[in-house]
Amino acid sequence: MSEKFDPSQADGRWQRAWDQAQCFAADSNSTRPKSFVLEMFPYPSGRIHIGHVRNYTMGDVLARYKVMTGHEVLHPMGWDAFGMPAENAAIERKVHPGEWTYQNIANMKEQLKRLGFALDWTREFATCDPEYYGHEQALFIDLFEAGLVYRKESAVNWDPVDQTVLANEQVIDGRGWRSGALVEKRKLSQWFLKITDFAQELLSGLDELKDWPDKVKLMQENWIGKSQGLQFTFSLSDGESLDVYTTRPDTIFGASFVAVAADHPVAQKVAEGNAEAQAFIEKCREGGTTAAELETAEKLGFNTGITARHPFTGQDLPLFIANFVLMDYGTGAIMAVPGHDQRDFDFATKYGLPIIRVVAANAADADKPFAGEAEAGDGVCVNSGFIDGMSVAEAKAAVIARAESEGWGEGKTVWRLRDWGVSRQRYWGTPIPFIHCGKCGVVPVPKDQLPVTLPEDVDISIPGNPLVRHPTWKHVNCPSCGGEAERETDTLDTFVDSSWYFLRFASQPADRPFDPQEVAGWMPVQQYIGGIEHAILHLLYARFWTRALKHIGQIDVAEPFASLFTQGMVTHETYKAGDGSWLSPQEVKKEGDDWIHIESGAPVTAGRVEKMSKSKKNVVDPDEIVAQYGADAVRWFMLSDSPPERDLPWSESGIEGCGRFVQRLWRLFSLYDAGASGEDEALKRKLHQAIAAVGEDIEALAFNKAVARIYELASIVDKAAPSASRSEAIATTMLLVSPMMPHLAEEAWHAAGFEGLAAQAEWPPHDPALLVEDEVTIAVQVKGKLRDTLTVSKGLAKDELESLALASEKVQRAVDGAQIRKVIVVPDRLVNLVI
RNA sequence: GCUGCUGUAGCUCAGUGGUAGAGCGCAUCCUUGGUAAGGCUGAGGUCGAGAGUUCAAUUCUCUCCAGCAGCACCA
């Protein structure tokens, strides 16, 4: 064995060996238990960043561990390759988006390979491969035929300069993020997926996801936003009627006014003959919608002069147009109960409207005044006619029942979730496979004509969708009547591409999207790992697609990801110069307690530890550190220190320490001696405890704990005297670190003379009998304070422990002749003398 | 405002109803043919604050404080 481990030549050598042995190609026909380990596939932006390295290292350790514990593992990798950055790059660099994308994929694949990930590259694909998106088009048509896809006029953000629709996130302060043009609301015919049909399923399905973080489930629950209440109709004084929705029908007797949104038809009608109302509506529209603005925005209203008749009391309630009522939730109109809703309370206070108590802690408090704010809590109904004395829950049911029997309202469930608009007026996406015919309407492209591919000869540098202005692409004959027709020129939201890619990883027939049998063998994904930023959209869409495909009978699994893990970010310190510009960590140094700029000597502000980003200059390039320290040290660092779900602060000393530990293990491994003899019982126990603990930690994704165990084991083995037991411990340690430091493990395994690859070796079994110590240390306390310890054999009887404790000189001194009132003996743990 | 998570050594984190731990960092010493390094030894903790339960609380319960994150005029 050489004296140092040299990653620069060992890493590549073992990576090639794994390739040649096809170690990580998944066999769908294997009889072993199957395990599908998946990390969220990357967008091919050009370079792997450190967050990818952390994400994929975690999945890799689990995948390698699963291989070693006898599983047939599917651990694939691919590319979420459609999207806007490719179009932007095309504009900036005058290259075709496809060329740019595939070049990035080639580069990033090389980077991933240098990290030694145990990936099945035979199943690699990019979502921009016509083969992949062709199957996606087929699935889209299937969903259309099942009634889960429809078209509807919908208001979109339209950038008049770039001639495109923008996502909400791309509109900043009302302007297009790139053009800076004022964004217009435009009505366009858009494609939608009926995710709302699955709202209840997606909500109740969360309960079955035992191995998902509560945080993510809660976020999805909020997003789906189920609320139950009463929708009912007010008769208005102008002869019309108005529907309102409330989740608090129990407070209906406390309603003192009615309010509609500025965009509500009732408000529009009032504005027709009333300039003042018109001006008020305009003012409402100007209001911002950010959280901060909402926090401080004053409640404003306009009294229409119309009144609404209360269904129970017959009272005439004034009807306001109010800025805090939203058109797109419920019916866009509310009954306002100032006593029990803070917004209504603020409004009523401002406009001098009655504030009536209808819920109180008990009947005696029926006329208790309000303490300056609304009371939203539970209690009993008061001042409320026939529901007086009922609990809030009883009253809700009673009011709904009465409304239904009298025919002026009904119990209703309202969802915050909206149908998913998937139309994008973009080039670099999956073409929506439909044809518009003047005679036949919207006709799906016949499946034998799929894929509908993107034309290559496009000029993307001028604004607008190149598919629209392409000379020939959109002109086709109607598949139904044969007449002249036009292709749909919208492409699909890229979230569609990532909503079913795991199925394509599991099964890749040429003639259909996937094979249901094969999918059944692999799905659901046993462990999915990715960033928390996808907690809602991607994970909800993927759950929806899976359920939709089950609904139309294509697969038999309802939830795609049995277990989800959201890993933390990699962070780094930030530094700012006096002029506010960011400095990289290489440009600064610490002098005493202050930071200074190395070049100029000027003082520098050490900023927060933040997510690595180019703009803040606190990035570390994976390639550079792999070249410097080797893949194993980098992988080890990604796993050590922080728990995987928390942020990991990058540090120079940390990676150096990891590099040293790799060498330290190498020296330890070089002590392996097949001919050593002699038993070391104590070492054996430590070894078997470590085997069990490391395995448990990896299965629980507690990688930092597994790392700590290995540090501990390495110290113990290092200090042990040579023996057959020590050699066994050294060889076993090679296997224990193999999932985390696979290159070092292979090199040592090979140098020690073992056959085969460490990556394919069996995970060392542990002997449960060796997990318990045969000697234990007993604490001896006097009045709960530790006075002495005793080392005794395990399982010693209580009375023997007691007499041993009393015999202790230190204990006698502490007792100091006092009378012992009680003795507490916990076998194998302690003796406590109470005096 | 609502919801969730986190407070243990200088830093990053394990852990436990009964003796407070690891890595890094720091200090001392040794090695100077493992050397842009290796090793020995060591210092360092009111386990966020307070109260309760208990023979015994860092651990269980409650209250509070601080930090982080998500959601939010959702009727």
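Side-chain atoms are counted along with the backbone in the values below, which use heavy atoms only and exclude waters and symmetry mates. Below, chains carry the letters A, B, ... as their sequence lines are ordered, and counting in each starts from 1. Note that this is a predicted model, so its numbers are computed, not measured.
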For B:G10, the Watson-Crick or wobble counterpart (both distances under 3.5 Å) | B:C24
So, is [X] near the phosphate of [N], with a side-chain N or O under 4.0 Å from OP1 or OP2?
X        : N     : answer
A:Arg660 : B:G25 : yes
A:Arg664 : B:A37 : no
A:Lys705 : B:G15 : yes
A:Arg667 : B:A37 : no

Base, sugar-phosphate, or nothing: which does [X] touch, judged by heavy atoms less than 4.0 Å apart?
X        : result
A:Asp341 : nothing
A:Leu326 : base
A:Tyr245 : base
A:Val244 : nothing
A:Thr246 : sugar-phosphate

Using the side chain to side chain donor-acceptor pair (under 3.5 Å) rule, pick out the option among A:Asp250, A:Thr246, A:Thr251 that qualifies with A:Arg248.
-> A:Asp250
Check step by step if side chain to side chain contact (heavy atoms under 4.5 Å, CB included) holds for A:Ile321 and A:Val266.
-> CA-CA 9 Å; A:Ile321 302 167; A:Val266 167; over 6 Å; no
Between the side chains of A:Tyr672 and A:Thr733, is a donor N or O closer than 3.5 angstrom to an acceptor N or O?
-> no
Taking the P atom of each, how far is B:U59 from B:U53, in whole Å?
-> 15 Å
Over 12 foreign heavy atoms within 6.0 Å of NZ, A:Lys226 | yes
How should the glycosidic conformation of B:G34 be described, syn or anti, under the criterion that syn lies within 90° of 0?
-> syn
